[in-house]
Amino acid sequence: MALSLYNTRTREKQLFEPLSPGRVGMYVCGPTVYDFAHVGNARPVVVFDVLYRLLKTSYEHVRYVRNITDVDDKIIAAAEKTGEKIEDITVRTTDAYHEDMAALGALPPDIEPRATDHVEQMIAMTERLIARGNAYEADGHVLFAVATDENYGKLSGRNRDEMIAGARVEVAPYKKDPADFVLWKPSTGNQPGWDSPWGFGRPGWHIECSAMAREYLGLTFDIHGGGRDLVFPHHENEVAQSTCAHDEAEFARYWVHNGFLTVEGEKMSKSIGNVLLVRDLLTKAPGEALRLNMLSTHYRQPLDWTEEGVSQARKILDRWYRAAGDAEPTTCEAVVDALEDDMNTPKAIAVLHELANAASQGDAVAAGQLRGGANLMGVLLNSADAWFKGSGVVEYDISFMNKLAEPLPEIANRIDSQVTAAIAKWDEMTDEQQGTIYELCINLLIDFRTLAREHREFKTSDIIRDLLLDANITLEDGADGTTWRRTS
RNA sequence: GGCCAGGUGGCGGAGUGGCUACGCAGCGGCCUGCAAAGCCGUGGACACCGGUUCGAAUCCGGUCCUGGCCUCCA
């Protein structure tokens with residue numbers, strides 16, 4: 001089966017065929033770097049990461065471009081509010097963004113251009129639009145004249161009358177037409193700016209994507225992605241600018257948009273106070289669980305982000321890791337088929353469940369396919385051991401050690417000097433050292449419990465198991481002895 | 001107000017005309033000292049009202065509800 005994608009422009013699922021055989025160009029709108037990324041920001045990143053991984057399996061040359069918007073009025077506002085320098089804000093936020101997205105298992109794009117590095121190209125494109133009569137200068141601004149583009153509105157499926165009728169925002173007096181939008185605007189005071197033919201100023205929002213897509217992907221490229229909310233006006237305006245500046249050359253061929261996200265049934269907004277930062281979520285659940293939760297809804301569907309959903313995703317991963325073990329990943333055609341069907345990740349997940357069932361019953365082929373299929377979606381990337389025991393989001397907590405003497409003094413006597421010494425200077429140890437001691441303690445307790453069980457002192461063994469459970473450690477008695485894992 | 005999505009079992013979530021995915025939770029059983037994990041089995045849905053059809057969750061019309069966009073929010 002071949003890849004098909006739902007194209008916003010044509011409003012139907014289409015077979016994907018790249019412009020040049022074996023070569024795919026994809027542009028995805030990236031973040032405006034003024035604050036930490038929230039789950040809503042993360043959705044397109046995860047969604048297009050799946051597409052990126054999928055494309056790489058079929059095409060030799062895939063160029064994925066995702067921009068960083070580092071000049072924007074919101075950034076200026078943030079700087080004014082805190083007094084922090086704009087560059088400090090954008091650099092710091094960009095770094096945090098990279099960390100957070102990596103934690104969600106998203107591969108870095110091939111090229112990540114920053115808007116401020118491409119002002120020259122934006123000025124050139126703006127000049128070209130003026131020369132062609134598609135843009136005009138007014139009151140220090142340069143505006144795109146929507147009326148000069150007969151195709152304006154086709155992507156988002158709206159016409160100018162509707163837009164004017166529905167306009168909620170007061171129209172700036174210098175606009176010839178209420179629908180015209182800014183390509184360049186003047187900067188004053190502390191606002192960042194660049195010299196241009198129209199004076200000191202800065203670019204409008206939409207022009208950066210047009211300029212950077214042109215720079216790295218050419219006049220016409222294959223896939224343009226982003227959130228649904230960007231269809232209008234952002235993407236509509238991008239199309240208008242680019243096609244007009246490029247003598248009507250087609251801009252993006254396939255427009256792919258992910259649906260919106262709500263939190264516990266409510267829209268996410270600062271006023272409600274339910275904006276979930278990826279950063280915060282990562283302290284409570286592994287990135288892989290967040291990612292799987294994200295992918296358990298089809299990308300075009302609205303996604304309701306809930307704690308219950310994250311917890312379910314985590315349980316599913318537990319099961320998959322248990323079933324797959326550390327099998328060598330192999331290709332699973334059924335998963336590929338599901339993903340090639342407009343990235344039907346829920347269907348792919350259903351296939352993985354079936355593979356997990358088979359793998360649990362000892363099917364080694366299924367175990368490999370489970371690994372491989374899941375990897376294609378960017379999950380099941382750890383070793384099973386790392387998943388179950390890894391530090392991840394588990395904080396090494398020695399409080400349970402301190403409680404040992406209470407119910408079972410004899411355990412304390414068995415704790416060796418190495419552990420005792422370590423506990424004394426616990427706070428000075430690195431995470432890794434703590435982890436080592438932590439595991440040592442767990443294994444000591446397991447040994448002691450095994451001894452108790454051999455003597456059929458089940459009351460003692462159950463106390464130990466409960467003690468560990470309090471510390472988020474679940475014990476499992478198997479044929480080959482007792483193993484432990486963090487509690488889900 | 002205009003335009004556009006979506007409403008599937010307790011929960012999550014596929015599915016565009018017939019054979020009622022899949023998972024979580026639940027229930028029963030096997031296993032276990034007891035658990036956990038695993039295995040076997042099991043009930044349960046298609047917002048509402050009409051229509052088309054031999055037959056609709058799936059097509060058409062209407063109603064209700066939720067969400068998005070309407071000039072710089074993924």
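Residue numbers begin at 1 in each chain, while the letters A, B, ... track the order of the sequences.
Using C1' as the reference atom, B:C31 and B:G38 are 9 Å apart when rounded to the nearest Å.
Base pairing in RNA chain B yields stems of at least 3 consecutive Watson-Crick or G-U pairs, both distances under 3.5 Å, namely B:1-7 with B:64-70, B:10-12 with B:22-24, B:26-30 with B:38-42, B:47-51 with B:59-63.
Using a 4.0 Å cut-off, some side-chain N or O of A:Gln361 falls inside it from OP1 or OP2 of B:C40. The phosphate of B:A21 has neither OP1 nor OP2 within less than 4.0 Å of any side-chain N or O from A:Lys347. Using a 4.0 Å cut-off, some side-chain N or O of A:Asn344 falls inside it from OP1 or OP2 of B:G15.
Nearest-nucleotide positions on RNA chain B for A:Ser360 and A:Thr306 put A:Thr306 closer to the 5' end. Residue A:Thr262 is the one, among A:Val39 and A:Thr262, whose nearest nucleotide of RNA chain B lies closer to the 5' end (criterion: closest heavy atom).
In the set B:A74, B:C34, B:C24, B:C24 carries the atom at the smallest distance from any side-chain atom of A:Lys315. With B:C39, B:G38, B:A74 as the choices, the nucleotide that has an atom nearest any side-chain atom of A:Asn357 turns out to be B:C39. The side chain of A:Lys185 lies closest to B:C72, out of B:C22, B:C34, B:C72. Among B:A74, B:U71, B:C73, the nucleotide with an atom closest to any side-chain atom of A:His38 is B:A74. Closest to the side chain of A:Arg319, out of B:C39, B:A74, B:G33, is B:C39.
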- Evaluation steps, side chain to side chain donor-acceptor pair (under 3.5 Å), between A:Asp70 and A:Thr116: CA-CA 6 Å; A:Asp70 58 354; A:Thr116 51; 2.6 Å; yes

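Between A:Tyr216 and A:His118, the angle of the ring planes goes over 60°, which puts this pair in the perpendicular group of the 30/60° scheme. Aromatic ring pairs are classed by plane angle as parallel below 30°, tilted from 30° to 60° and perpendicular above 60°; the pair A:Phe221 and A:Phe251 is perpendicular. Classified by interplanar angle (parallel below 30°, tilted 30° to 60°, perpendicular above 60°), the ring pair A:Phe181/A:His206 is perpendicular.
Backbone-only engagement by A:Arg322 is indicated by non-hydrogen atom pairs under 4.0 Å involving sugar-phosphate atoms exclusively. In this structure, A:Thr483 reaches neither bases nor backbone, as no heavy-atom distance under 4.0 Å exists between it and the strands shown. Residue A:Gly40 is in base contact, counting any heavy-atom pair closer than 4.0 Å across all strands shown. Using a 4.0 Å heavy-atom distance criterion, A:His234 is classed as making no nucleic acid contact. Residue-level contact check: A:Arg453 touches the bases, meaning some heavy atom is under 4.0 Å from a base atom.
For A:Arg53, the side-chain hydrogen bond (donor to acceptor under 3.5 Å, both in side chains) partners are A:Asp49, not counting sequence neighbours.
Between the C1' atom of B:A14 and the OH atom of A:Tyr299 lies a distance of 15 Å, rounded to the nearest Å. Separating the CG atom of A:Asp304 from the C1' atom of B:G12 is a distance of 10 Å, rounded to the nearest angstrom. With rounding to whole Å, A:Trp184 atom CH2 is found 19 Å from B:C72 atom P.
Applying the salt bridge (charged side-chain N to carboxylate O under 4.0 Å, His left out) test to every pair with at least one member in residues 102-112 of chain A, sequence neighbours left out, gives these pairs: A:Arg66-A:Glu112.
Both tests hold for A:Arg486 against A:Trp387: distance to the six-membered ring centre under 6.0 Å, angle to the ring axis within 45°.
A donor and an acceptor atom never sit less than 3.5 Å apart when one is taken from the side chain of A:Arg43 and the other from the base of B:A74.
Using a 4.0 Å cut-off between charged side-chain N and carboxylate O, A:Asp139 and A:Lys175 make no salt bridge.
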